[in-house]
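Here the structure is laid out as structure tokens; the discussion comes afterwards.
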Amino acid sequence: MEYVKNLNGTAGKKCTCPGSNSWLEHWERKAHQHATQCAACTKKAEIGGHVKKVGQECTHYIVPLRKACNMRTDDFTVFAELVDVYCDR
């Protein structure tokens, strides 16, 4: 369980990892899990959302989210592994 905040301005960023066509696939590959649920609300995961831990500015993470949860402006708790945003090359 982590307390996070969504990052603004990441909509145009694309995952460039071999074998990942989306940020959700990036999370699945690095977490070695299938993203079935949104990490914030447990409804169906739709995207890999860019988040940061509350109180931490430098490291950005990917977590499976529903589109509505990716639009949140408040701090919120997620119940999934945070995967770093850096791609393997």
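This one's a predicted model, so the numbers in the text were calculated from it and none came from an experiment.
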Over all heavy atoms of both residues, which pair between [X] and [Y] is shortest? Give the atoms and the distance, please.
X: Ala39; Y: Val63; result: CB-CG2, 3.5 Å
X: Pro18; Y: Arg29; result: O-NE, 3.9 Å
X: Lys52; Y: Gln56; result: CD-O, 3.5 Å
X: Val83; Y: Trp27; result: CG2-CD1, 3.4 Å
X: Asn70; Y: Leu65; result: OD1-CD1, 3.8 Å
X: Pro64; Y: Leu24; result: CB-CD1, 3.7 Å

Just by distance, do the side chain of [X] and the backbone of [Y] share a donor-acceptor pair under 3.5 Å?
X: Glu28; Y: Ala35; value: yes
X: Asp75; Y: Lys53; value: no
X: Glu46; Y: Lys67; value: yes
X: Ser22; Y: Glu25; value: yes

For this session: Take Glu81 and Gln33 through the side-chain contact (heavy atoms from CB on, under 4.5 Å) test and state the conclusion after the steps.
Result: CA-CA 9 Å; Glu81 180 180 348; Gln33 299 178 49; 3.6 Å; yes
For this session: Give the C-alpha distance, both sets of side-chain angles, the deciding distance and a yes or no for side-chain contact (heavy atoms from CB on, under 4.5 Å) between His50 and Val85.
Result: CA-CA 8 Å; His50 291 73; Val85 76; 3.7 Å; yes
Rounded to the nearest 0.5 Å, how far does [atom2] of [Y] lie from [atom1] of [X]?
X: Thr10; Y: Ile62; atom1: OG1; atom2: CD1; answer: 7.5 Å
X: Tyr61; Y: Asp84; atom1: OH; atom2: CG; answer: 8.0 Å
X: Gln37; Y: Phe79; atom1: CD; atom2: CZ; answer: 11.5 Å
X: Glu2; Y: Leu82; atom1: CD; atom2: CG; answer: 5.0 Å
X: Lys43; Y: Thr36; atom1: NZ; atom2: OG1; answer: 15.0 Å

For this session: For Val78 and Val51, run side-chain contact (heavy atoms from CB on, under 4.5 Å): C-alpha distance rounded to whole Å, both residues' side-chain angles, the deciding distance at 0.1 Å, then the answer.
Result: CA-CA 10 Å; Val78 292; Val51 299; 5.8 Å; no
Problem set entry | Ionic contact status for Asp74 with Lys5, cut-off 4.0 Å | no
For this session: Side-chain contact test, heavy atoms from C-beta onward, threshold under 4.5 Å: evaluate it for Arg66 versus Cys41 and give yes or no.
Result: yes
For this session: Might you work through the side-chain contact (heavy atoms from CB on, under 4.5 Å) test for Asn6 and Phe76, ending with a clear yes or no?
Result: CA-CA 9 Å; Asn6 281 314; Phe76 58 99; 3.6 Å; yes
